[in-house]
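Scope of the values below: all heavy atoms of this structure, side chains included, with no hydrogens, waters or symmetry mates. Every chain is numbered from 1, with letters handed out A, B, ... down the list of sequences.
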There are 2 protein chains.
Amino acid sequence: MVISPGPGFRTLGRMASTPPRDPDGPDEEPRLVKSAQRTIQLMEMLGAARGPITVAELRERTGYPRSSLHQLLHTLIAMGWVEQTPDGSAVGVGSRALLCGTAYLDRDPALPYAIRTLELIGDATGYTTHYARLDGANVMYLATRETIEPRRATSRVGRELPAHATALGKILLAERSAGELAELLPEPPLPALTEHTITDLGELLADLELTRERGHSLEREQNTPGLGCVAVAVSYRIPATDAISCSLPIDAATDEELERVAGVIHEHAAKLAARLRAEGIR
Amino acid sequence: MVISPGPGFRTLGRMASTPPRDPDGPDEEPRLVKSAQRTIQLMEMLGAARGPITVAELRERTGYPRSSLHQLLHTLIAMGWVEQTPDGSAVGVGSRALLCGTAYLDRDPALPYAIRTLELIGDATGYTTHYARLDGANVMYLATRETIEPRRATSRVGRELPAHATALGKILLAERSAGELAELLPEPPLPALTEHTITDLGELLADLELTRERGHSLEREQNTPGLGCVAVAVSYRIPATDAISCSLPIDAATDEELERVAGVIHEHAAKLAARLRAEGIR
DNA sequence: CGAACCCATTTAGATATGTGGACGCAGTGC
DNA sequence: GCACTGCGTCCACATATCTAAATGGGTTCG
């Protein structure tokens with residue numbers, strides 16, 4: 001029961017009750033559900049961790065009070081979205097989360113076509129091929145067609161890499177206006193994955209301009225030592241959100257070879273886009 | 001990192017798989033968080049759907065009041081776990097959920113070894129190979145090594161199929177005692193995926209007995225028309241939770257060929273299990 | 001052995017959320 | 001054009017959750 005205070009004061013606690021929030025964001029969200037937010041944040045934190053992490057560490061990182069955290073974890077464990085290590089000392093993402101997350105792939109009508117295209121490109125070039133989508137400032141791998149030597153480290157479906165450090169990302173960034181880029185990209189300096197990653201914004205913009213003229217994007221060891229990449233956008237949306245790439249061992253990544261591979265990808269990507277448009281997939 | 005399959009759970013959570021719908025019993029639920037439960041149930045419902053579904057349909061299936069559902073959806077959309085179709089009329093699983101869910105795969109120390117084993121078996125047999133784990137009454141596919149002709153329909157990582165309808169599931173069920181099976185399996189009749197699926201419990205138990213004697217499990221068109229399967233357990237846990245299978249076109253699935261393939265899987269599965277035990281992966 | 005510490009759980013009061021109904025809008029059928 | 005229907009949003013109260021502090025069990029160290 002709340003005693004309504006004197007004149008002028010009708011707030012219950014809504015104004016003063018934003019302790020752990022961005023004080024800079026002036027845009028008030030239309031009342032998000034705190035428990036739901038925390039639930040999701042917990043899952044994301046568990047997902048971002050290398051392996052199982054202890055409850056104490058979770059508490060530290062989230063700042064949630066002990067009892068609140070325990071209640072949430074109990075709920076998530078009961079539902080199979082969080083699992084405990086056999087000794088019960090640490091927690092990690094559970095199998096139900098995998099089941100649900102991969103449903104994202106099923107939902108995507110473009111993917112079956114994309115996968116077929118990857119097969120064709122893989123056969124034609126002999127290199128590992130990827131299909132990815134721009135997700136904020138990152139690219140997310142949606143499908144992979146490995147060659148004999150699997151490079152699991154970088155290719156797993158569902159993984160994200162910074163867009164500016166990948167050929168896939170750069171061809172997609174090249175479709176955006178300067179304003180969109182400013183909103184999309186993180187504050188410089190851009191994070192570096194290798195010593196070749198472009199970290200300077202001006203340099204990136206110049207590279208994007210070259211990419212636009214060229215029609216495909218290139219990258220040499222900018223995200224993974226020993227690998228080079230060439231990517232082409234799949235234009236079934238404007239701006240394009242999806243792209244296809246081939247990864248080459250750095251020794252094979254000569255200008256001529258990259259050019260040749262780019263041609264192959266271009267051809268298949270154009271056919272794929274035409275097919276998607278024709279199927280009404282937007 | 002161990003899925004606790006039914007029994008074997010420890011202190012924290014009780015099994016509470018359903019929404020709060022039985023107030024009659026002596027419910028000693030350790031107070032699950034309602035918003036968190038709903039959040040997860042929403043995600044699971046979205047994940048189980050074929051594609052995007054309308055809010056109205058969600059409301060029908062969940063029974064949540066309109067305003068509550070909208071608040072939750074807003075929260076989930078703001079966090080990227082739910083996405084709206086371009087016209088805003090329907091919702092589906094978002095990309096962040098994929099990112100988080102696939103982290104389950106990264107967390108599993110056995111998987112890198114398993115993937116290498118799949119490559120070897122795939123090369124040796126020429127068939128599509130799967131690595132899967134028992135998850136309740138289902139098997140969950142954790143890794144796949146496709147051959148040229150991808151059978152995406154059944155093989156996607158993260159998907160689950162009823163254990164009794166798959167070779168992978170049957171070899172794992174064969175490791176369980178009658179009591180465990182009774183707890184694990186759904187009420188008969190067992191759900192059928194094809195006309196060949198075993199739906200009778202007695203028949204299944206007889207098949208499991210044969211499987212035990214044989215050392216590997218067999219299946220012909222019990223889950224997918226046109227496909228047969230043979231599977232062997234990976235014994236690095238007791239009872240085994242993981243298994244490896246090969247899928248053969250039904251025409252190729254003669255007794256002799258299945259026997260030959262089983263031998264190959266057996267050999268590699270034994271090596272894999274030995275390696276996992278030696279690495280201290282339990 | 002005991003003190004100090006860390007942790008999961010419990011509790012009661014302080015907040016945040018859930019709920020049903022009201023409202024305005026848009027599409028539909030007559 | 002109008003009533004009807006279904007939807008998303010808003011509101012205020014009833015309810016559920018969150019929080020901080022207290023509790024009790026376990027482990028570590030001197």
Side-chain angles (χ1 to χ4, degrees), chain A residues 1-5 9-21 27-42 52-79 82-92, chain B residues 4 9-14 16 19-23 27-42 52-79 82-91:
Chain A
M1 72 182 51
V2 173
I3 301 169
S4 75
F9 244 88
R10 56 180 282 286
T11 54
L12 293 189
R14 215 162 280 173
M15 301 216 88
S17 70
T18 38
R21 289 258 181 114
D27 51 353
E28 277 289 339
E29 288 297 339
R31 298 186 92 209
L32 300 183
V33 180
K34 184 151 94 173
S35 312
Q37 275 184 303
R38 286 184 161 180
T39 300
I40 299 304
Q41 277 173 352
L42 272 183
I53 61 183
T54 65
V55 178
E57 202 171 338
L58 257 189
R59 212 161 61 73
E60 224 173 88
R61 291 200 210 172
T62 59
Y64 303 161
R66 241 207 302 265
S67 25
S68 313
L69 181 58
H70 276 281
Q71 279 181 319
L72 280 178
L73 281 179
H74 279 142
T75 305
L76 288 170
I77 289 170
M79 306 196 73
V82 167
E83 286 172 10
Q84 301 181 85
T85 48
D87 59 10
S89 67
V91 290
Chain B
S4 53
F9 61 88
R10 285 189 64 79
T11 51
L12 284 182
R14 310 263 170 101
R21 62 163 56 168
D22 70 22
D27 61 345
E28 298 176 12
E29 298 296 338
R31 301 188 83 205
L32 300 184
V33 181
K34 183 151 95 174
S35 314
Q37 273 185 304
R38 287 183 162 180
T39 301
I40 299 304
Q41 278 175 349
L42 272 183
I53 60 182
T54 64
V55 179
E57 202 172 338
L58 258 189
R59 212 159 61 73
E60 223 172 90
R61 291 203 210 172
T62 59
Y64 303 161
R66 255 209 311 251
S67 30
S68 314
L69 181 58
H70 277 282
Q71 278 182 322
L72 279 179
L73 282 179
H74 281 144
T75 305
L76 287 171
I77 289 170
M79 306 197 73
V82 166
E83 285 174 10
Q84 291 177 287
T85 49
D87 59 11
S89 67
V91 290

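To the nearest angstrom, C1' of D/dT9 lies 14 Å from CG of B/Leu73. Atom pair A/Leu69:CG and C/dT9:C1' shows a separation of 13 Å (rounding to whole Å applied). Between B/Leu72 atom CG and C/dA16 atom C1' the separation is 13 Å, expressed in whole Å. For the pair B/Glu57 CD and D/dG6 C1', the computed distance is 15 Å after rounding to whole Å. Rounded to an integer number of Å, the gap from CZ of B/Arg66 to C1' of C/dG21 is 9 Å. Between the CD atom of A/Gln37 and the P atom of D/dC18 there is a distance of 12 Å, rounded to whole Å. Rounded to an integer number of Å, the gap from A/His70 NE2 to D/dT23 P is 18 Å.
Considering only side-chain N and O atoms, A/His74 lies under 4.0 angstrom from the phosphate OP1 or OP2 of C/dT9. Under 4.0 angstrom from either OP1 or OP2 of D/dC18 there lies at least one side-chain N or O belonging to A/Gln71. For the pair A/Ser67 and C/dA8, the criterion of a side-chain N or O lying under 4.0 Å from OP1 or OP2 is not met. Remark: A/Lys34 is in phosphate contact with D/dT19, judged by side-chain N or O atoms under 4.0 Å from OP1 or OP2. Between C/dA16 and A/Arg38, no contact under 4.0 Å exists linking OP1 or OP2 to a side-chain N or O.
Nearest-nucleotide positions on DNA chain D place B/Arg59 closer to the 5' end than the other of B/Val33 and B/Arg59. Along DNA chain C, the nucleotide nearest B/Tyr64 and the nucleotide nearest A/Ala56 are compared for position; the residue whose nucleotide lies closer to the 5' end is A/Ala56.
Rounding to the nearest 0.5 Å places CD1 of B/Ile40 at 11.5 Å from CG of B/Leu32.
Across D/dC18, C/dT19, C/dA8, the shortest atom-to-atom separation from the side chain of A/Ser68 is found for D/dC18.
Heavy-atom minimum distance, A/Leu42 versus A/Leu69: CD2-CD1, 3.6 Å.
With sequence neighbours left out, B/Glu57 forms a side-chain contact (heavy atoms from CB on, under 4.5 Å) with B/Ile53, B/Thr54, B/Arg61.
Under the side-chain hydrogen bond (donor to acceptor under 3.5 Å, both in side chains) test applied with B/Tyr64, the options B/Arg59, B/Gln41, B/Arg38 reduce to a single match, B/Gln41.
Although no hydrogens or angles enter the test, the distance criterion places no donor-acceptor pair under 3.5 Å between the side chain of B/Thr39 and the main chain of A/Ala36.
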